[in-house]
Protein chains: 2
Amino acid sequence: MARRSYHHGDLRNALLSKALELIEEEGPEAISLREVARQVGVNHRAAYRHFEDKRALTAAIAETGYAALADALESCWQQAQRKQPRARVEALMDRYLELAFEAPARYRVTFGNRVNEDGRFPELEAAAQRAFQVLVQAMGQLRPKAPLAETRDAVFALWSMAHGYLRLVWARRIRVKQQLQIKYFRALAAPFLDGWARP
Amino acid sequence: MARRSYHHGDLRNALLSKALELIEEEGPEAISLREVARQVGVNHRAAYRHFEDKRALTAAIAETGYAALADALESCWQQAQRKQPRARVEALMDRYLELAFEAPARYRVTFGNRVNEDGRFPELEAAAQRAFQVLVQAMGQLRPKAPLAETRDAVFALWSMAHGYLRLVWARRIRVKQQLQIKYFRALAAPFLDGWARP
DNA sequence: ACCTGAACACCGTTCAAGT
DNA sequence: ACCTGAACACCGTTCAAGT
């Protein structure tokens, strides 16, 4: 009886955080409802009370991923308030990559097709939008006269570069020492930011 | 007996092309040795004669992916011989995206972590390198005086952008009408190429 | 040499009970 | 209401035979 401390309403969270642990250890493909339930100490059917199916658990992971990203970017944006626009953008980029490299499996699940591709799980949108907005502000400040549409294009371009960089590094198509991973991306993105700042 | 036309040495290819069919229909996660073997008409154990395990089949798919990419870029490079350097780079970008959008599941498997992350399957490297070399040539021609190291950085930046763009489009983080997907990327990459061409 | 089939330890999901 | 356990139809992989 003592081990069943989850019947008080936090079983959902217990399952979720165990799932987060597991994917970082075993990789994003290794999520298994049964294994997660087993490690938490409940019957695998109990998990279905809180997650409709496996994809719903995956979506819950993605939600923490987008939220963590949005929170990190927002607080980074505040903290870099007194810096120059260019340095502020760079601080955001660094923070973005930092978070991704800290929890690669979660990052991959967050942007994975399983949860995003068919528009099920609209609850992911809010946090994703929040992260996006910070970037729009930052790029806007870097070139204040730019029309919003162009600023959004620039954000998409930079975001694409950062996202692709992460995946190419993880896939060993880009090889760079761990210590330099973030610094190297700054170098790759610099020409783009230069071009954006003075068109 | 008649249906067993695979015992003549082409079972490996039969399995491989059936696997390619299946992932485009059902998504990259849906590869199953048993299902592939079933559809080809052999016992699932027969597949193990040609692929050591499931990851080996996945790697074989990735090999066709890298090879297709390299071939497409090489022939595109030749065909665009008389164009200006900038137009040549754009032709390569277009071709790259075209191929990815034609067979998204294969593209994702090709650059997926399952096959690339641990350096098993070194046979993938050759084709990947071949594709990379075409891009290095193209970017080099766009700024002939650039040192090789900088040219390689520029290729990594552009490649990251293209790769990230694809995944963000597939994950519905970037929303763009099918007809405009390739054109829109040209617009996103333009500032970067401008900056690279005239530093 | 090459293919088969039973067996093992896993999945996700459904159904019918249990408290 | 919430949790359980048996059952179903799948996996990948191993082992021991079959031709």
Side-chain angles (χ1 to χ4, degrees), chain A residues 1-16 18-23 25-62 105 109 112-115 117-118 120-121, chain B residues 1-16 18-23 25-62 105 109 112-115 117-118 120-121:
Chain A
M1 265 300 164
R3 59 194 291 257
R4 303 219 188 133
S5 55
Y6 308 110
H7 297 195
H8 299 64
D10 59 347
L11 176 55
R12 199 195 122 98
N13 275 321
L15 292 165
L16 189 49
K18 183 58 81 183
L20 282 164
E21 264 180 54
L22 276 176
I23 57 168
E25 282 165 20
E26 311 282 340
E29 340 255 284
I31 331 167
S32 142
L33 270 178
R34 289 180 104 115
E35 178 68 20
V36 170
R38 200 179 298 130
Q39 293 215 17
V40 162
V42 297
N43 186 284
H44 64 277
R45 282 294 307 142
Y48 281 81
R49 266 319 122 180
H50 301 93
F51 302 102
E52 204 188 332
D53 55 17
K54 193 188 171 177
R55 280 184 75 205
L57 173 62
T58 312
I61 293 173
V109 170
N113 291 81
R114 284 187 70 75
V115 273
E117 75 186 339
D118 55 5
R120 194 185 155 188
F121 314 119
Chain B
M1 265 299 166
R3 57 195 294 257
R4 302 218 186 132
S5 54
Y6 309 109
H7 299 194
H8 300 66
D10 58 349
L11 176 54
R12 199 193 123 99
N13 275 322
L15 291 165
L16 188 49
K18 184 57 81 179
L20 282 164
E21 263 179 55
L22 275 176
I23 56 169
E25 282 165 21
E26 312 283 340
E29 342 255 280
I31 330 167
S32 142
L33 269 178
R34 288 180 105 114
E35 178 67 20
V36 170
R38 200 179 298 130
Q39 292 215 17
V40 162
V42 296
N43 186 283
H44 64 276
R45 282 294 306 139
Y48 281 81
R49 261 324 119 178
H50 301 94
F51 302 103
E52 206 186 333
D53 54 18
K54 194 188 170 174
R55 281 185 74 207
L57 173 61
T58 311
I61 292 174
V109 169
N113 290 80
R114 285 188 68 76
V115 274
E117 76 187 338
D118 56 5
R120 194 185 156 190
F121 314 118

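A note on names: the letters A, B, ... follow the listed sequences, proteins ahead of strands, and every chain is numbered from 1.
Annotation: side chain of B/K54 is in contact with side chain of B/L33 (closest heavy-atom distance under 4.5 Å).
A donor and an acceptor atom never sit less than 3.5 Å apart when one is taken from the side chain of A/R49 and the other from the base of D/dT4.
Here the closest heavy-atom approach between residue A/A37 and residue A/L15 is recorded as CA-CD2, 4.0 Å. Residues B/R55 and B/R114 come closest through the heavy atom pair NH2-O, 2.6 Å.
The nearest whole Å value for the distance from the CG atom in B/L11 to the C1' atom in C/dC2 is 10 Å. Summarising the geometry, the separation between CD on B/E52 and P on D/dT13 is reported as 10 Å, rounded to the nearest angstrom. Atom OH of A/Y48 and atom P of D/dA6 are 17 Å apart (whole Å). Taking atom CZ on A/R34 and atom C1' on D/dA7, their separation rounds to 10 Å, with Å as the unit. One can place CD of A/E29 at 13 Å from P of D/dG12, the figure rounded to the nearest angstrom. Atom CZ of A/F51 and atom C1' of C/dG12 are 15 Å apart (whole Å). Following rounding to the nearest Å, A/K54 (NZ) and D/dC11 (P) show an atom-to-atom distance of 14 Å. Atom CG of B/D10 and atom P of C/dC2 are 13 Å apart (whole Å).
Nucleotides of DNA chain C nearest to A/H44 and B/R45 differ in position, and the one nearer the 5' end is that of B/R45.
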For DNA chain D, what is the dot-bracket line, given that a base pair needs Watson-Crick (N1 to N3, plus N6-O4 or O6-N4) or G-U wobble (N1-O2 and O6-N3) geometry with both distances under 3.5 Å, and | means paired with another strand? ||.|||||...|||||.||
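Residue B/S32 places no side-chain N or O under 4.0 Å from the OP1 or OP2 atom of D/dC10. Of the side-chain N and O atoms in A/N43, none sit less than 4.0 angstrom from OP1 or OP2 of D/dC3. Distances shown here put every side-chain N or O of A/R38 at or beyond 4.0 Å from the OP1 or OP2 atom of C/dA9.
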